[in-house]
Novice: 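Next up is a structure, given as structure tokens.
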Amino acid sequence: MAGKTRSGTPAKNAASKKAAAAARGSGAGKEATAGNRSWGGRFDATPDRKTQAFTASIGFDQRLYRYDIRGSIAHASMLAAVGILTAAEKKTITAGLREIETEIAGGKFVFDIADEDIHMAIERRLIAKTGAAGAKLHTARSRNDQVVTDVRLYVKDALAWIDAAIGDLQCALLEVSLRHQDAILPGYTHMQRAQPVLLAHHLLAYYEMLARDRERLGDARGRVDILPLGAGALAGTTLPIDRARVAEELGFARVADNSIDAVADRDFILEPLADIAILFAHVSRLAGEIVLWATAEYGFVRLHDAYSTGSSMMPQKKNPDIAELARGKSGRVVGNLVSLLVTTKGLPLAYNSDLQEDKEPLFDSVDTAISSLTVLGAMVRSLTFDEAAMRRAASDSFLLATDLAEILVARGVPFRQAHEVVGKIVRHCLAAGVELTSLGSTSLGAFSPALGPDGDRKAGVAVASLLTVEQAVARRTSAGGTSASQVKKRLRTLARKHGVTA
Ligand code: ARG
């Protein structure tokens, strides 16, 4: 450590020392210590400016100010209730904190990296305003329990914001489905046309995914809703605090049972990040399909001008940027989850500064989710669906091959045998260059008597009348299937639930 002070600051760096002192403003020089005002007692020198810039989180954690102030007011009330503060001190502190809140909200608060983070910035200002009373606020509290209290309050709000944004996208899907209740398009497997389905059925598939996303985020809430404050730095406090009171005032369901766990773990952030990553696995699929559907090759939807952009070079272009970006942003939210998983993995208990890296991924995923969902919902509402183009794509007669096999099953043929028979019919049609629906009952009867005139007579219905796109959809009445009876029932229920109309 030769040439360095105890704090590890290069001793020769007097200039930056001075700069840091200047940056801290008028109060700095008046104090007995050369270090940071909050923890400088054992330090000879202030951290140099680059170190401050590197260690500070104030640039991104200032958005927590309202939660920090709420937490501090609840803490002060509790300290007064247990006799650590006088009623007058509590009043002074509360009023000071309210003023600071107004200053920050009004853009009048000067943020300084010398304060490191929002907690110290607010406390510094409070002490400047209230002196001795403010200096008592941090009693029985550490930034370690303070920061997770703030972030938990934020996450509880964020979960509600994301829930509302997902709900909005769900409503957009319901509106479009209601508008196109009878539209049919090919359903795909392996990107190959598979069977005709209702557009509403296809869109409601996304509704269901999003419903589970909301459920998942809702489930996480209970594990977020726990008060860490009172854990202190890691071991609790010798002072007679009342954590239950603070929990109640801040609206937490309960108090963390273990002070070390309370300050050390970040699973209450990881879980929402994982849920948001899964949400984007869904959102990106919906967005990706819209990109495909808007191509000339599909032509199922036309983008509204307000929700698409042009090319700087190709005058004819109209690009589905919103959908592409909503799809692309899945990369960053998955990255945010992985980032925090890697940061927390293998960390020794309890608090480590590594944990300061928890906030940017969290804020980014929350912001990304809200903006993507909101814009995507508006874009979905503005889409023009080309029902005729979808219907044309669905009228490929080979999409009815499974129906033909099921007709055989209904006429007593074991499914494997029916599959084989229809496979042969398909091969025959492909070789002859004819549609599956073009074969009359005599030709079909040559492949299996059950499909011939005899089979029709016994069944009381002609194969030809069953082998249409409309029938293929209408007859899939199994629970959860694509029949209009099933889909419209579900659509009505959901529209009522969300108060949505076409
Ligand atoms: N800014 C810090 C964070 O975000 C607050 C807690 C810091 N605690 C400490 N002992 N340095 O995690």
Side-chain angles (χ1 to χ4, degrees), residues 6-9 20 24 33 35-43 46-72 75 100 104 109 111-126 137-155 158 224 226-237 256 259-270 272-273 336 339-366:
R6 265 192 288 151
S7 67
T9 307
R24 288 205 317 275
T33 64
N36 179 293
R37 276 156 309 212
S38 297
W39 44 252
R42 55 100 71 219
F43 288 84
T46 52
D48 89 327
R49 195 71 181 165
K50 280 203 190 77
T51 304
Q52 284 181 339
F54 183 70
T55 55
S57 56
I58 188 109
F60 50 86
D61 66 15
Q62 51 182 268
R63 73 155 80 186
L64 294 171
Y65 76 94
R66 284 191 197 279
Y67 303 106
D68 197 72
I69 286 171
R70 244 171 81 196
S72 286
H75 184 64
I100 294 169
I104 300 177
F109 191 95
F111 290 104
D112 180 350
I113 57 163
D115 287 327
E116 289 186 26
D117 54 31
I118 188 64
H119 325 295
M120 297 221 289
I122 291 173
E123 195 193 354
R124 186 232 336 136
R125 184 79 184 122
L126 182 71
L137 174 64
H138 211 55
T139 308
R141 182 176 83 171
S142 153
R143 279 182 295 153
N144 299 352
D145 57 347
Q146 190 180 355
V147 67
V148 271
T149 301
D150 294 5
V151 179
R152 281 178 185 268
L153 286 169
Y154 165 83
V155 172
V224 178
I226 300 168
L227 176 78
L229 203 63
L234 80 162
T237 173
S259 61
I260 296 176
D261 174 45
V263 294
D265 203 18
R266 292 295 181 273
D267 61 354
F268 76 95
I269 301 178
L270 283 169
L273 285 182
N336 289 335
S339 154
L340 189 57
L341 280 171
V342 175
T343 297
T344 52
K345 179 205 167 288
L347 274 186
L349 297 180
Y351 181 85
N352 300 274
S353 285
D354 312 49
L355 294 173
Q356 182 166 285
E357 291 291 309
D358 61 355
K359 279 170 281 299
E360 285 166 293
L362 169 66
F363 295 153
D364 186 68
S365 280
V366 171

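Just so it is clear, the model here is predicted, and its values are computed rather than measured. Ligands are counted one by one from 1 in listed order, and the atoms in each one are counted from 1 as well.
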Novice: For Leu355, what residues pass the side chain to side chain contact (heavy atoms under 4.5 Å, CB included) criterion, not counting sequence neighbours?
Specialist: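 Leu355: side chain to side chain contact (heavy atoms under 4.5 Å, CB included) contacts with Arg266, Thr344, Leu347, Tyr351.
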Novice: Identify the residue among Glu116, His138, His119 that makes a side-chain hydrogen bond (donor to acceptor under 3.5 Å, both in side chains) with Arg143.
Specialist: Glu116
Novice: Would you say Arg49 and Gln52 are linked by a side-chain donor-acceptor pair, where the criterion is simply a distance under 3.5 Å?
Specialist: yes
Novice: Who passes side chain to side chain contact (heavy atoms under 4.5 Å, CB included) against Thr55, sequence neighbours left out?
Specialist: Thr51
Novice: Extract all N/O-N/O pairs under 3.5 Å that connect ligand 1 to the protein, and present each with both atom names and the distance rounded to 0.1 Å.
Specialist:
| unit_1 | atom_1 | unit_2 | atom_2 | d |
| --- | --- | --- | --- | --- |
| ligand 1 | 1 (N) | Ser57 | OG | 3.1 |
| ligand 1 | 1 (N) | Asp117 | OD2 | 2.9 |
| ligand 1 | 1 (N) | Gln356 | OE1 | 2.8 |
| ligand 1 | 4 (O) | Lys359 | NZ | 2.5 |
| ligand 1 | 8 (N) | Asn144 | OD1 | 2.8 |
| ligand 1 | 10 (N) | Asn144 | OD1 | 3.2 |
| ligand 1 | 12 (O) | Tyr351 | OH | 2.4 |

Novice: Is Asp117 paired with Arg124 through a side-chain N to carboxylate O contact shorter than 4.0 Å?
Specialist: no
Novice: Can you give each donor-acceptor pair under 3.5 Å made by side-chain atoms of residues 58-65, sequence neighbours left out, with the distance rounded to 0.1 Å?
Specialist:
| unit_1 | atom_1 | unit_2 | atom_2 | d |
| --- | --- | --- | --- | --- |
| Asp61 | OD1 | Ile118 | N | 3.1 |
| Asp61 | OD2 | Ser57 | OG | 2.6 |
| Gln62 | NE2 | Ile58 | O | 3.0 |
| Arg63 | NH1 | Asp367 | OD1 | 3.2 |
| Arg63 | NH2 | Asp367 | OD2 | 2.7 |

